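In this text the structure is predicted, and so the values were computed from the model without any measurement.
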Amino acid sequence: MTSYRTHSCGELRASEIGKTVKIAGWIHRKRDHGGVAFIDLRDHYGITQVVCGPTNEYYEPLTRLRAESVVAITGEVIAREAGTFNADLASGEIELRVISIEVLSEVTQDLPVPVFGELEYPEDIRLRYRFLDLRRETLHKNIILRSNIISSLRRRMNEAGFFEFQTPILTASSPEGARDFLVPSRLHPGQFYALPQAPQQFKQLIMVAGFDRYFQIAPCFRDEDARADRSPGEFYQLDIEMSFVSQDDVFAAIEPVLSGVFSEFSNWQADAAPFTRIKYRDAMLKYGSDKPDMRNPLIISDVTAIFAREDVTFNAFKGVIAKGGVVRAIPAPKSADKPRSFFDKLNDWARKEMQAAGLGYITFADGEAKGPIAKFIPDEAMARLKSLAGVGDGDSVFFACDTEAGAAKLAGQARNKIGEELDIVEKDVYRFCWVVDFPMFEWNEDEKKVDFSHNPFSMPQGGMEALLTKDPLTIDAYQYDIVCNGVELSSGAIRNHRPEIMLKAFEIAGYGAEVVEEKFGGMLNAFRFGAPPHGGLAPGVDRMVMLIANTPNIREVTMFPMNQQAQDLMMQAPSSVNIKQLRELSLRLAVPEGK
RNA sequence: GCGGGCGUAGCUCAGUUGGUUAGAGUGUCGGCCUGUCACGCCGAAGGUCGCGGGUUCGAGCCCCGUCGCUCGCGCCA
């Protein structure tokens, strides 16, 4: 109870009938019948109907107020007449008869975004007037959901023995990874801080410092272009690191947290621990992606050997195979009776959106193989193909033929597309999987050199011996991703805590010891004074909330998002600064003409 | 940086093959209305058809350019 209210707008029930109470909130909707007026008063907690008769001295001022004006209303809780209950409102059995009103904030202009009704609105207007948009039910609920999810994550991590620590926001630029946001230093002219892309080195140093188990709802900053599921600039990770652990220990620690939080906040069924594990190379072959959607039952297979046979004469594929390409088969169960347009549509999609040569196919019906390329494959080879691809009578099969990477990508996207078209993707479930054994290095075709394929701080499997004796491109890392419904939630790794192994790994990627010492000297040095083996991961909080709220757009789960051009339309960021501010920072602008 | 989609009243949208004065719903304003809960009824105001250029007797519609928003590609260890 405060001087503004005795109850919230979601609180009053039949048990309060007869009492005089005071509520405060926004005018959600007015229904003025001339003789009697109804006002729906809304606050965070709910809506209560206020009723005012024509003889009441507040009738005129109350009905004159526009929607979204803020008022406090003192009144008597009265029972609604039988038959006038509103089952959609928690307070629908009662209403408040006005005794007096107090206008706290009056709206005098047209509303740029109406709160009532949740009409679709242009996003730039919603962003400019985000405070109004946030009053609307769906967005309001999403933000509360996000808050509750974060509370639950904190509770679960605390209960599992993790400590939450803050790490610096102003830190040093790091050479690898995404583009940094830079902050000019006043005290050190010409030098810059960078906002952290992730607290990667700090969390490893926390392990070196002996705190054993760390987590943080960590803000991360990367100056890269936006996507529907990626805010420009900033996002949050559930950042986790643990000491004296192997990969399995990390999985065992995080699985119940993810499974638990998804189960807690969604009616969908979430996989329980332990989650499926898939080797990176198998994921690329069987699902055509390093973030496979396990709700989709389709499995891709390699059928290069079939099309390479001498008795198979489909030369379009043979030519690609001769140049080192592969053929991948995507089954389409029970689709043989689909109209020609089903197959044409997928082929058009492959050509247009995937910029592929096409998506060949064969259908199997009544013991016969049909389709544009069926006639190039004799019976015995066809039987072998059907068994490899896992298709039979009544099914069809699509083919992606390209370089290994190109075919995997096309087949993976086709798998998604075909799964959707045939409506065989599981609904209302969260399917988690770990993708493990990522390669430590990869071949950089542009620069003709070996590169780190992911995180250079990951421990190579086999340790120093592997680095010394194996072809670098065959070495796997203790590097893993957690994927949910085809969405990559997080990367993680068992870290390389041995300076000599790290220097060797960097040497293979073409970086001399002096470069490593210069760029990562702080951490490298720390590892020379006793570092525990450690590892962790960092699932994206925004992505988790999106999955649980079941929205494809990250701005629907972000309180104050920027638009795709990385502008905050409400706060007008970014903005120009004055010359004095620039001078203090020893900066002079060199904006290209026309910008 | 590149490609797709969209842009008509404050908002959501319709607008036929290029043809008279660009429409509807909603919101706003005015009037009526004592049981609504998307209240109802009557009336009014509200338009640089994103912007610029072109084709044409005539352009919301066709063409070129440009801007804005959005989705994707590149990018995101």
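In this structure, Gln200(A) reaches the bases: a heavy-atom distance under 4.0 Å links it to at least one base atom across the strands shown. Note on Tyr59(A): nothing from the nucleic acid sits closer than 4.0 angstrom, heavy atoms only. When heavy atoms are screened at a 4.0 angstrom cut-off, Arg227(A) is found touching base atoms of the nucleic acid. Nucleic acid contact class of Glu120(A) (heavy atoms, under 4.0 Å, all strands): sugar-phosphate only. Here Pro112(A) lies out of heavy-atom contact (under 4.0 Å) with every strand. Here Phe116(A) lies in heavy-atom contact (under 4.0 Å) with sugar-phosphate atoms only. Within the 4.0 angstrom heavy-atom criterion, only backbone atoms of the sugar-phosphate kind lie near Gln567(A); the bases stay farther away. Using a 4.0 Å heavy-atom cutoff across all strands shown, Phe452(A) reaches no nucleic acid atom at all.
An OP1 or OP2 oxygen of C37(B) is reached within less than 4.0 angstrom by no side-chain nitrogen or oxygen of Arg80(A). Between Gln109(A) and U28(B), a side-chain N or O to OP1/OP2 separation shorter than 4.0 Å is absent. Phosphate contact (OP1/OP2 of U36(B), side-chain N/O of Arg31(A), threshold under 4.0 Å): absent. The side chain of Arg29(A) contributes an N or O atom lying less than 4.0 Å from OP1 or OP2 of G27(B).
By the ring pair (Phe, Tyr, Trp, His ring centres under 6.0 Å) test, Phe38(A) pairs with His33(A), sequence neighbours left out. The side chain to side chain contact (heavy atoms under 4.5 Å, CB included) check on Ala477(A) picks up Met440(A), Ser458(A), Gln479(A), with sequence neighbours excluded.
In this structure, His497(A) has its ring center at least 6.0 angstrom away from the ring center of Phe527(A). Remark: aromatic rings of Phe452(A) and Phe441(A) are close, center separation under 6.0 Å. Ring pair Phe457(A)/Phe520(A): centre-to-centre distance below 6.0 Å.
In this structure G7(B) sits in a base pair with C67(B), meeting the Watson-Crick or G-U test at under 3.5 Å. The partner of C29(B) is G43(B), by the rule that a Watson-Crick or G-U pair needs both atom distances under 3.5 Å. G1(B): Watson-Crick or G-U partner is C73(B), with both key distances under 3.5 Å. Base pairing analysis places U21(B) opposite nothing; no Watson-Crick or G-U wobble pair with both distances below 3.5 Å involves it. Base-pair partner of U16(B): not found among the strands shown (Watson-Crick or G-U wobble, both distances under 3.5 Å).
For the side chain to side chain donor-acceptor pair (under 3.5 Å) with Glu241(A), the qualifying choice from Gln216(A), Gln200(A), Arg495(A) is Arg495(A), the only one to do so.
Evaluation of His33(A) against the base of C39(B) yields a stacking contact (centre distance < 5.5 Å, interplanar angle < 30°).
Of the candidates C76(B), C11(B), C37(B), the closest approach to any side-chain atom of Asn86(A) belongs to C37(B). Candidate nucleotides C37(B), A77(B), C69(B) were compared by shortest atom distance to the side chain of Asp124(A), and C69(B) ranks first. Ranking C76(B), G35(B), C29(B) by closeness to the Thr84(A) side chain, first place goes to G35(B).
A heavy atom lying under 4.0 Å from RNA chain B marks the following residues of residues 551-565 of chain A, by number: Asn553(A), Arg555(A), Asn563(A), Gln564(A), Gln565(A).
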Please test Cys9(A) against Tyr45(A) for side chain to side chain contact (heavy atoms under 4.5 Å, CB included), starting from the C-alpha separation and ending with a verdict.
-> CA-CA 6 Å; Cys9(A) 294; Tyr45(A) 304 96; 5.8 Å; no
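In this structure, Glu68(A) pairs ionically with Arg135(A), as a charged nitrogen and a carboxylate oxygen lie closer than 4.0 Å.
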